[in-house]
Amino acid sequence: KQEVTQIPAALSVPEGENLVLNCSFTDSAIYNLQWFRQDPGKGLTSLLLIQSSQREQTSGRLNASLDKSSGRSTLYIAASQPGDSATYLCAVRHSYGGSQGNLIFGKGTKLSVKP
Amino acid sequence: SQTIHQWPATLVQPVGSPLSLECTVEGTSNPNLYWYRQAAGRGLQLLFYSVGIGQISSEVPQNLSASRPQDRQFILSSKKLLLSDSGFYLCAWTSRQGESPLHFGNGTRLTVT
């Protein structure tokens, strides 16, 4: 059974710092991995989607990497801003279901960026 | 562009009352549709998913049910709510074609009293 773990559960950094959020998964047979952002009381916003054949994806100040063999992904946020404060979740889609497989979510890392 | 609408945003219901949450997607056809529940400290739990009209798969046994009467409409229901049904309910969709991310609605905060 696929399990997704995100450590730490919470992180507080000063504004301007570069930071890395971690995601690990137990079964390396994944189809893709997705990073989301969730603001309090809101739905999830998709940030980056990495296919199993890819090593990384970039969007603005965000860079997500994937090491399928070791069961790890990282989300790198450059020059953090108070507006980046949110909970970040990663989710993996198992290769069994292909593009139609269901996502398994981690519990998220709550990021707080202090001005 | 595609958008997903979910309502109501908040709901307070007594134990034993019925439930109906609605979700609609615009700007796409034949989406896969999902209902998730997010409880404090427990992460996101997939409740139901649908790959087409009338096709519903349940991931977790419970007193909730789902229906898909139209291609872009997904409804979550219950005949009698339990206290344990309280939580944040999220509808989501993804395209069936190619590599597509999962997109979420803004969620419904349900409190059963």
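- If you tally non-hydrogen atom pairs under 4.5 Å between each of B:Gly43, B:Ala92, B:Pro101 and chain A, the highest count goes to B:Pro101.
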Item to complete: Run the numbers on B:Arg68 and B:Gln55 for side-chain contact (heavy atoms from CB on, under 4.5 Å), then give the verdict.
Response: CA-CA 7 Å; B:Arg68 185 170 177 175; B:Gln55 300 179 61; over 6 Å; no
Item to complete: With side-chain contact (heavy atoms from CB on, under 4.5 Å) as the test, would you mind laying out the steps for A:Ile77 and A:Tyr88 before giving the verdict?
Response: CA-CA 11 Å; A:Ile77 303 177; A:Tyr88 291 81; 4.0 Å; yes
Practice prompt. Check the pair A:Asp67, A:Ser69 against side-chain hydrogen bond (donor to acceptor under 3.5 Å, both in side chains), reporting the backbone distance first and the verdict last.
Written response: CA-CA 6 Å; A:Asp67 184 341; A:Ser69 61; 2.8 Å; yes
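- Side-chain contact, B:Ser65 with B:Ser77: no donor N or O sits under 3.5 Å from an acceptor N or O.
- Ranked by heavy-atom pairs under 4.5 Å with chain B, the first of A:Leu89, A:Leu44, A:Asp39, A:Val4 is A:Leu44.
- For B:Gln45, no part lies near chain A; criterion is any non-hydrogen pair under 4.5 Å.
- Residue-level contacts of residues 102-113 of chain B with chain A, in order of numbering, are B:Leu102, B:Phe104, B:Gly105, B:Asn106; threshold 4.5 Å between heavy atoms.
- Residue A:Arg55 places its CZ atom among 12 or fewer non-hydrogen atoms of other residues, nucleotides or ligands, all under 6.0 Å distant.
- Note on ring orientation: taking the six-membered ring where Trp is involved, the planes of A:Phe36 and A:Phe105 are tilted (angle from 30° to 60°).
- Going from atom OG1 of B:Thr94 over to atom CD of A:Gln34 covers 7.5 Å, rounded to the nearest 0.5 Å.
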